[in-house]
Amino acid sequence: MNRLSFYRLCSNRIALTATLILSIVFGGSDKTYGQNGKTAPTTEKKTAVDRQRLETVEELSESLANDLLELSVAARDRDLELTAEFFPPQLTAKPFPTHPSPIKNQIKWIGAHDWETSDAKIINASSDSTSAGKITRKAFLGNWAEFLAHFSEIEDARFKVKEANFDDTAKAVLGAEQPTAVIGATGRARIAFYVIGRDINGKREWARGSFWANMRAGKNKHWQFDSFDLINFDSLVAEKDMFSEVAIPAGVGATLPGFGTPENSGFVWHGAAAGDFNNDNWIDLFVVGGNRNYLYLNDKKGAFRDASEETGVRITAAGTAPLVFDYDNDGDADVFLSSVGQQTLLRNNFNQTGKLAFDDVSLESGVAREAIGFSAVAGDVNGDGRLDVYVTSYNRYGQITPDSWFRATNGTPNLLFINQPDGTFREEAQKWGVDDRRWSYAAEFADINADGKIDLYVANDFGEKAFYINKGSRFVDEAAERGVLDPGNGMGVSFGDYNNDGRLDIHASNMSSTAGNRILSRLFPNSSAKDNVLKKLAAGNNLFENTGDGKFKDVTQEVGGFGGGWAWGGGFIDFDNDGWEDIYTPNGFISGKSMKDT
């Protein structure tokens with residue numbers, strides 16, 4: 001498969017585009033799947049649709065979404081000349097609000113404020129104080145510019161199509177390389193937008209809102225806002241900075257070759273781990289790159305120095321994700337590298353020699369087993385006082401196609417290395433019942449039922465997640481019985497006590513898709529992610545609350561929802577040291593120069 005085809009495959013997968021969804025919905029199956037994973041009659045009949053028209057509508061939606069990305073860049077760059085190309089000389093709208101109302105504390109160190117017009121009339125979802133009428137492009141964009149002037153710097157701005165409906169006469173250019181509307185096409189869309197940056201006082205601010213708009217494909221090849229009707233609009237403001245980006249001054253700002261270049265042509269990306277490698281009580285960093293590894297030693301002054309060469313790890317075959325643990329119980333931190341190919345174990349000799357250096361002991365330790373290793377986690381599976389290693393193994397996406405979008409079983413088997421008394425490992429995944437083949441991405445150990453034996457939760461990408469309960473000599477998958485089967489595209493998992501009740505809860509990072517939700521709302525307007533697996537695949541992350549009886553409750557919507565885009569690992573961390581665990585989710589993927597992968 002060539003690079004372009006791979007990009008398209010990835011893009012289709014995250015967007016859940018019309019072709020993919022229609023192939024599932026109209027591919028001969030009249031069933032859907034609930035959260036318990038059992039086949040059940042569809043709770044909602046498919047809305048009668050003309051497949052060809054639906055594809056045209058989605059082409060128009062994608063055309064609009066892609067066009068609004070250009071508007072997003074214009075907003076970020078405060079480019080009013082380019083912004084003006086999206087507006088006719090006159091439109092129907094209220095004046096865009098330009099002045100922030102007083103900040104009110106919302107939670108912890110976060111404040112919030114609404115926005116007002118120049119005559120101090122608040123604009124929000126319930127406000128009707130200013131009548132919409134004809135307003136000139138110049139006047140509307142003058143207010144927009146005044147709003148942007150509230151930001152001393154803008155990091156990002158984005159407009160996203162949440163819902164779009166088009167007139168029956170609206171047509172798309174069939175066969176176009178990029179979705180393109182025929183000039184004159186009209187429709188109505190619900191669009192979300194945000195601006196992120198710092199306000200005039202230097203505080204971090206996230207202005208976010210949504211609006212309805214009547215849209216028209218203009219002769220200038222840009223969609224035009226014939227109307228602009230705000231639904232909601234407010235801002236969140238950080239009263240204090242929690243973190244600052246310091247990679248470059250801290251000495252860890254390495255630049256990796258761009259994905260798809262000859263120097264970085266693989267299909268995987270790479271991770272990092274923290275640990276004290278030289279036992280000086282300062283945290284160091286081990287980073288896996290595209291063609292080398294980095295070991296950064298903490299200089300105790302707020303920076304790091306690259307010790308990769310002197311410690312013997314630079315030229316070691318690069319893996320996907322490092323796991324820091326003391327496998328031989330000698331008091332220093334060793335490193336296991338999950339890899340696409342042979343797995344790698346680096347033994348730290350610091351406590352033996354007094355000098356920080358690593359030996360590759362993969363072959364003699366028995367871990368040099370083949371896998372599509374995407375991550376690894378350590379835990380004492382058999383309670384013998386030695387740490388064992390579980391490797392999640394994927395498959396070669398782009399070369400191998402999953403045999404199901406949500407119940408795939410043609411991934412490669414996961415590995416379980418049991419630590420032996422002689423310092424070697426024995427691979428026993430099948431013996432322990434955890435040789436999962438569901439395109440596994442990440443896993444985590446925890447004693448979830450307080451029986452003194454660690455259990456294992458596995459996030460599978462194209463397969464339902466697994467929750468392996470340790471029975472002493474074997475694991476049994478009880479994900480369905482315990483309420484955490486979750487067929488979402490799993491990329492990460494972490495345990496933490498989000499509500500401070502003394503029980504471990506689970507955060508699973510999946511994918512959320514604006515385009516997928518847009519299409520599915522047309523096909524299944526009354527269903528939800530709980531009763532429609534397609535909507536679950538586009539819904540995003542999950543938070544499962546431990547109910548104390550060995551089972552879990554999905555509280556995702558109750559506590560706020562976690563649409564994280566193409567989400568990866570992350571997990572629980574108390575950002576502000578207030579005793580309550582927060583959640584961090586990294587997200588994103590490869591993208592073209594135009595960002596047109598909506």
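All values below were derived from every heavy atom in this structure, side-chain atoms included, with hydrogens, water molecules and symmetry-related copies excluded. These numbers come from a predicted model, not from an experiment.
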Full working for side chain to side chain contact (heavy atoms under 4.5 Å, CB included) between K162 and S210: CA-CA 9 Å; K162 294 294 186 179; S210 63; over 6 Å; no

When you look at D576 and W109, which way does the side chain to side chain donor-acceptor pair (under 3.5 Å) test go after all the steps? CA-CA 9 Å; D576 48 4; W109 41 275; 2.6 Å; yes

Under the criterion side chain to side chain contact (heavy atoms under 4.5 Å, CB included), I'd like the reasoning laid out for N278 against L297: C-alpha separation, chi angles, the key distance, then a yes or no. CA-CA 8 Å; N278 55 2; L297 294 182; 4.3 Å; yes

Show your working on salt bridge (charged side-chain N to carboxylate O under 4.0 Å, His left out) between D114 and K104 and close with a plain yes or no. CA-CA 9 Å; D114 291 316; K104 298 179 180 178; over 6 Å; no

Steps toward ring-ring contact (aromatic ring centres under 6.0 Å, His included) verdict (Y294, F286): CA-CA 6 Å; Y294 300 83; F286 194 104; 9.3 Å; no

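Residues N293 and L337 form a side-chain contact, since some pair of their non-hydrogen atoms from C-beta on lies under 4.5 Å apart. Between V195 and I154 there is a side-chain heavy-atom pair separated by less than 4.5 Å. Annotation: side chain of V73 is not in contact with side chain of L69 (no heavy-atom distance under 4.5 Å). Using a 4.5 Å cut-off on side-chain heavy atoms (C-beta onward), D435 and N414 make no contact. Annotation: side chain of F575 is in contact with side chain of F243 (closest heavy-atom distance under 4.5 Å). Residues R198 and K203 have side chains not in contact (no heavy-atom distance under 4.5 Å, counting atoms from C-beta outward). At least one side-chain heavy atom of S308 sits less than 4.5 Å from a side-chain heavy atom of R292. When side chains are defined from C-beta on, D455 does not count as touching Y468, because their heavy atoms never get closer than 4.5 Å.
The pair D477-K465 fails the salt-bridge criterion, with no side-chain N (NZ, NE, NH1 or NH2) lying under 4.0 Å from an Asp/Glu carboxylate O. Ion pairing between K301 and D299 fails under the 4.0 Å rule for side-chain N and carboxylate O. A salt bridge is absent between E310 and K355: the closest approach of a Lys/Arg side-chain nitrogen to an acidic carboxylate oxygen does not fall below 4.0 angstrom. Contact check on K551 versus E545 returns no salt bridge, with no Lys/Arg side-chain nitrogen under 4.0 Å from an Asp/Glu carboxylate oxygen.
With hydrogens and angles disregarded, no donor-acceptor distance shorter than 3.5 Å links the side chain of D388 to the backbone of D380. Counting only distance, with no hydrogens or angles, the side chain of D326 and the backbone of A333 share no donor-acceptor pair below 3.5 Å. A donor-acceptor contact shorter than 3.5 Å is absent between the side chain of D497 and the backbone of L504. Q420 contributes a side-chain N or O that, together with a main-chain N or O of I418, makes up a donor-acceptor pair within less than 3.5 Å. Between the side chain of N105 and the backbone N or O of K108, at least one donor-acceptor pair lies under 3.5 Å. Side-chain N or O atoms of D461 include none that pairs as donor or acceptor with a backbone N or O of S440 at under 3.5 Å. Without hydrogens or angle criteria, D330 side chain to N351 main chain gives no donor-acceptor distance under 3.5 Å. With hydrogens and angles ignored, the 3.5 Å screen pairs a side-chain donor or acceptor of N298 with a backbone N or O of I283. Using modelled atom types, one side-chain atom of D505 and one backbone atom of Y498 make a donor-acceptor pair closer than 3.5 Å. Under the 3.5 Å distance criterion, the side-chain polar atoms of D199 are left unmatched by any main-chain donor or acceptor of H150.
Atom CG of D501 is separated from atom CG of N546 by 7.0 Å, given to the nearest 0.5 angstrom. Considering CG of N329 and CZ of R386, their distance stands at 8.0 Å, rounded to 0.5 Å. Taken from CD in E428 to CZ in F417, the straight-line distance is 11.0 Å, to the nearest 0.5 Å. Atom OH of Y390 and atom CD1 of I454 lie 12.0 Å apart (nearest 0.5 Å). Annotation: the span from M491 atom CE to T585 atom OG1 amounts to 13.0 Å, rounded to 0.5 Å. Between the CD1 atom in I448 and the CG atom in N470 there is a gap of 13.0 Å [rounded to 0.5 Å].
Residues N587 and W568 bring no donor and acceptor atom of their side chains to less than 3.5 Å of each other. Inspection of the T392 and S375 side chains reveals an N or O donor paired with an N or O acceptor under 3.5 Å.
At most 12 non-hydrogen atoms from other residues, nucleotides or ligands lie less than 6.0 angstrom from NZ of K160. Counting heavy-atom neighbours within 6.0 Å of K553 NZ, excluding the residue itself, gives a total of 12 or less.
A pairwise comparison of heavy atoms in G319 and V288 identifies O-CG1, 2.6 Å as the closest pair.
Using cut-offs of 30° and 60° on the angle between ring planes, the pair F358 and F277 is perpendicular. The aromatic rings of F425 and Y327 are tilted relative to each other, their planes meeting at an angle between 30° and 60°. The aromatic rings of W115 and F147 lie perpendicular to each other, with more than 60° between the two planes, well past the 30° mark.
Of the options F475, Y457, F544, a ring pair (Phe, Tyr, Trp, His ring centres under 6.0 Å) to F467 is made by Y457 and by none of the others. The only option from R204, E205, H113, R208 that meets the side-chain contact (heavy atoms from CB on, under 4.5 Å) definition with L236 turns out to be R208. Among the candidates T556, V493, N542, N541, the single residue satisfying the side-chain contact (heavy atoms from CB on, under 4.5 Å) test with H507 is N541.
Taking the six-membered ring for Trp and the full ring otherwise, F572 and Y584 have centroids separated by 6.0 Å or more. Aromatic rings of F211 and F233 (six-membered ring for Trp) have centroids beyond the 6.0 Å cut-off, not under it.
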